Amino acid sequence: RALTMLKILLAMRCHVTIASVQRSGAGRHARYTRLLQFLGVRVMPSLDHLASHPSARDPYDLIIVARRDAYAAAAPLLSRAYPTTPVAFDTVDLHFAREAQRRAFFTAHADEPELLAAVFGPAAAGAANDTGGAGAAERAAMRRRELRAAAGSTAAVVVSERERGALLHELRGAGYAAPPVVVIANAHEPAPLTPAPFGERSGVVFVGNFNHLPNRDAVLFFTNHVLPLILSDPRAACDPGLVFHVVGSNRIPAAILQLNSTA
């Protein structure tokens, strides 16, 4: 989504500069830098470089800050160096909403410790019981940070109408004056259609990043609740090509690897 937005801005003949708050590890930062430079993006070494080198700052028409932590880190510089420049806060996803969904998941599956451990890791049992104390205080602080970022921006960006309504509701409930909230949905370049006719295809594939916890839940839910319904159809049960393939980045949890079967 972010890359697609950058490509759109470049196609509109915008001069685009990007500065990262945190560098990606395992050589990813260098790869991302080369890709963005190839596209025509000016890549700053870091936000700190932009803060400490006034000569490197351009007179921008618009500043887009993605994610609440990046906004918190960039806010002092933006207010000092760009006090009149419009700032759009791209939530990417509403973290307070994700956290509420995570807590609801814990509550709904409190009697399924194996599922919680499979999705969230071995420490899930302790996290499930963390309804107060430091954990609750940290979640409240993160929620306030996200709401302050949205309230302090010229406009806030979300990915869906549902999140737009949730953000406006939370801002007003917390006593903030809500800025305009606009929806820029997830955007991906369409892949070319496969030349294989439908009758010659087989199987189901899931592709995802397994550091993203909802992807773990999705695979387990599909395997335990959806795939049995598909296999209840005699045509599917007799199809040797109906195999559920799971692939993706980062380590696949043991609970998903244990599903591996030739049966």
Side-chain angles (χ1 to χ4, degrees), residues 1-4 22 24-29 31-32 67 69 91-131 135 138-139 142 159-160 162-163 185-194 196 198 200-263:
R1 175 175 174 271
L3 183 60
T4 301
Q22 184 177 9
S24 301
R28 291 192 297 270
H29 186 88
R31 293 198 299 272
Y32 296 154
R67 298 187 182 276
D69 294 335
T91 64
V92 182
D93 50 40
L94 286 179
H95 288 75
F96 70 78
R98 177 185 290 185
E99 177 60 26
Q101 293 171 347
R102 188 179 79 94
R103 303 304 300 174
F105 189 93
F106 271 123
T107 301
H109 300 280
D111 58 346
E112 301 176 76
E114 292 183 359
L115 173 61
L116 294 179
V119 174
F120 297 100
N129 297 322
D130 181 18
T131 58
E138 182 180 359
R139 289 192 295 273
M142 293 297 100
V159 299
S160 68
R162 181 176 180 179
E163 289 202 349
N186 286 329
H188 304 281
E189 296 184 21
L193 296 176
T194 174
F198 184 79
E200 297 179 9
R201 306 176 208 170
S202 63
V204 179
V205 62
F206 179 95
V207 182
N209 168 13
F210 286 97
N211 281 350
H212 186 55
L213 300 182
N215 286 340
R216 304 181 187 182
D217 178 39
V219 171
L220 295 169
F221 183 88
F222 180 85
T223 303
N224 293 325
H225 300 283
V226 179
L227 191 57
L229 295 177
I230 297 175
L231 295 176
S232 66
D233 187 311
R235 294 170 297 177
C238 296
D239 182 0
L242 183 55
V243 177
F244 179 36
H245 303 274
V246 178
V247 297
S249 60
N250 299 303
R251 180 178 295 179
I252 297 179
I256 294 177
L257 292 176
Q258 290 170 4
L259 299 173
N260 196 26
S261 173
T262 58

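Keep in mind it's a predicted model, so treat the numbers as computed, not measured.
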Nearest atoms (heavy-atom pairs only) where [X] meets [Y]:
X: Ala218; Y: Phe206; answer: CB-CE1, 4.0 Å
X: Phe210; Y: Ile252; answer: CD1-CG1, 3.7 Å
X: Ile230; Y: Phe222; answer: CD1-CZ, 4.1 Å
X: Thr223; Y: Pro228; answer: O-CD, 3.2 Å
X: Ser202; Y: Gly241; answer: CB-O, 3.6 Å
X: Phe244; Y: Val205; answer: CE1-C, 4.5 Å

List in chain and number order the residues that pass side chain to side chain donor-acceptor pair (under 3.5 Å) with Arg162, two or more places apart in sequence or in another chain; answer none if no residue qualifies. none

Examine distances only and state if a side-chain atom of Arg201 and a backbone atom of Ala196 form a donor-acceptor pair shorter than 3.5 Å.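 Indeed, once roles are kept as given, a pair shorter than 3.5 Å links the two residues.
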
Exam field: side chain Asn215 to backbone Asn209, donor-acceptor pair closer than 3.5 Å: yes

Measure the spacing between [atom1] of [X] and [atom2] of [Y] and express it to the nearest 0.5 Å.
X: Phe96; Y: Glu163; atom1: CZ; atom2: CD; value: 8.0 Å
X: Thr107; Y: Arg102; atom1: OG1; atom2: CZ; value: 10.5 Å
X: Arg216; Y: Asn211; atom1: CZ; atom2: CG; value: 6.5 Å
X: Asn186; Y: Thr4; atom1: CG; atom2: OG1; value: 9.5 Å

Decide if atom CZ of Arg235 counts as having more than 12 heavy atoms of other residues, nucleotides or ligands within a radius under 6.0 Å. no

Would a 4.5 Å heavy-atom cut-off, applied to side chains only, mark [X] and [Y] as touching?
X: Arg98; Y: Asp93; result: yes
X: Leu257; Y: Val246; result: no
X: Val92; Y: Val159; result: no

Salt bridge check: are Arg67 and Asp69 linked by an N-O gap of less than 4.0 Å?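 Result for this pair is no, no salt bridge flagged.
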
